[in-house]
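Letters A, B, ... mirror the listed sequences (proteins, then strands); counts begin at 1. These figures come from a predicted structure and were not determined experimentally.
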Amino acid sequence: MKIATWNVNSLRTRLDHVTQWLTENPVDVLCLQETKVVDKDFPRSPLEDLGYHLYFSGQKSYNGVAILSRSPLESLSIGFSPVVGESIGDLDEQKRVISGALGDLRIVNLYVPNGSEVGSDKYQYKLRWLSVLRDYLQELLTETPHVLVCGDFNIAPEDRDIHNPVGRANHIMASIAEREALEKSVLSIGFIDIFRQFNPDPGQFSWWDYRAAAFVKNMGWRIDHHYLSANLVEKAIACTIDKTPRSWEKPSDHVPVVVELS
DNA sequence: ATGGCATCTAACAGATGA
């Protein structure tokens with residue numbers, strides 16, 4: 001079974017890329033972020049025609065997440081509050097969390113806040129959001145030991161995940177507090193960054209800035225991830241980054257990351 | 001280098017992204 005994650009930076013703008021990629025890579029599940037489309041305008045037919053069931057949570061202009069699955073998902077859950085309760089303030093207003101189950105496997109699709117600049121209000125929001133993510137994932141782990149958490153994390157976990165780590169301690173997506181939050185909310189409760197189980201090398205990225213010809217110079221960041229719960233790691237066969245769509249015309253700035261499970 | 005580029009909007013400039 002193959003599961004992919006891809007921040008498409010507007011699903012409607014990238015619809016041809018998504019359908020082309022799915023035609024060439026007929027994964028079982030595709031988790032999308034930054035769909036930027038309200039639910040009533042979600043482009044259903046082109047994706048259903050490829051054989052996918054669609055699950056989505058969108059809003060106008062920003063954010064938005066979706067799961068495309070060849071088999072129907074069970075126990076669909078949108079946002080943090082169905083899992084952690086209503087005491088999370090404004091953290092479900094932005095549509096960043098969707099989850100569903102395939103048998104005993106729970107799949108969680110996340111679009112972690114960007115954070116803008118270190119120390120900004122959006123940065124504090126990102127850290128608050130990650131704090132609630134810990135409660136959310138811990139609760140899910142009590143329900144099933146087989147949890148896959150994927151998405152755009154907007155955090156490069158280590159310096160080898162950045163083309164040039166100089167100044168990263170105060171850089172958004174690599175600051176000390178962000179990495180500590182990722183450690184506390186995901187890694188410390190047993191999740192494994194499965195890409196690094198197969199690929200230890202530097203220079204492997206999932207996002208390249210649109211500016212300064214970053215892609216052709218491979219000046220990227222690895223910020224899109226698949227985390228597997230400890231009980232799922234032994235089922236992992238491969239995890240790969242597909243850079244191909246970044247070279248297509250008018251691409252997303254992110255590319256798909258695919259994990260294969262037995 | 002507060003640029004460089006892309007996407008969105010009760011748009012045509014400003015917010016957001018990373």
Please state how far atom [atom1] in [X] lies from atom [atom2] in [N], giving the value in whole angstrom units.
X: A:W207; N: B:dA18; atom1: CH2; atom2: P; answer: 8 Å
X: A:M219; N: B:dC5; atom1: CE; atom2: P; answer: 13 Å
X: A:E34; N: B:dA15; atom1: CD; atom2: C1'; answer: 13 Å
X: A:Y111; N: B:dT16; atom1: OH; atom2: P; answer: 12 Å
X: A:N63; N: B:dT16; atom1: CG; atom2: P; answer: 11 Å
X: A:F205; N: B:dA18; atom1: CZ; atom2: P; answer: 17 Å
X: A:D121; N: B:dT16; atom1: CG; atom2: P; answer: 11 Å
X: A:K60; N: B:dT7; atom1: NZ; atom2: C1'; answer: 14 Å

Rounding to the closest angstrom, what is the interatomic distance between [N] and [M] at atom [atom1]?
N: B:dA15; M: B:dA10; atom1: C1'; answer: 16 Å
N: B:dC12; M: B:dA1; atom1: C1'; answer: 27 Å
N: B:dT2; M: B:dA13; atom1: P; answer: 23 Å
N: B:dG4; M: B:dT9; atom1: C1'; answer: 23 Å
N: B:dG14; M: B:dG3; atom1: P; answer: 13 Å

Quick one: which of [options] gets closest to the side chain of [X]?
X: A:N154; options: B:dT7, B:dA18, B:dG17; result: B:dA18
X: A:R211; options: B:dT9, B:dA15, B:dG4; result: B:dG4
X: A:K122; options: B:dG17, B:dA15, B:dA18; result: B:dG17
X: A:Y210; options: B:dA18, B:dA6, B:dT7; result: B:dA6

Side-chain N or O of [X] closer than 4.0 Å to phosphate OP1/OP2 of [N]:
X: A:K36; N: B:dG17; answer: no
X: A:N9; N: B:dT7; answer: no
X: A:S116; N: B:dG17; answer: no
X: A:H254; N: B:dA18; answer: yes
X: A:R12; N: B:dT7; answer: no

Checklist entry - So what does A:D152 hit on the nucleic acid, given a heavy-atom distance under 4.0 Å: a base, only sugar-phosphate, or nothing? => result sugar-phosphate
Checklist entry - Less than 4.0 Å between a side-chain N and a carboxylate O, is that true for A:D16 and A:K250? => result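 A:D16 and A:K250: not salt-bridged.
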Checklist entry - Are A:D161 and A:R179 close enough for a salt bridge, meaning some N to O gap below 4.0 Å? => result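 No salt bridge links A:D161 with A:R179.
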Checklist entry - Can you tell if the side chain of A:I155 reaches within under 4.5 Å of the side chain of A:M173, non-hydrogen atoms only? => result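 In short, these two side chains do not touch, never coming nearer than 4.5 Å.
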Next on the checklist: Reading DNA chain B from 5' onward, which residue's closest nucleotide shows up sooner: A:S61 or A:N114?
Outcome noted: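 By nearest-heavy-atom nucleotide position, the 5'-most residue is A:S61.
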Item to check | Residue whose closest nucleotide on DNA chain B lies nearer the 5' end, A:K250 versus A:I223 | outcome: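 Whichever sits nearer the 5' end wins; that is A:K250.
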Item to check | Test side-chain hydrogen bond (donor to acceptor under 3.5 Å, both in side chains) applied to A:D242 and A:T244, step by step | outcome: CA-CA 6 Å; A:D242 185 359; A:T244 314; 2.5 Å; yes
Checklist entry - Taking all non-hydrogen atoms of both residues, which atom of A:S71 and which atom of A:H53 are closest, and how far apart? => result C-CD2, 3.8 Å
Checklist entry - Would A:W248 and A:W21 count as a ring-ring contact (aromatic ring centres under 6.0 Å, His included) if you check the C-alpha gap in whole Å, the side-chain angles of each, and the deciding distance to 0.1 Å? => result CA-CA 11 Å; A:W248 294 347; A:W21 189 81; 8.5 Å; no
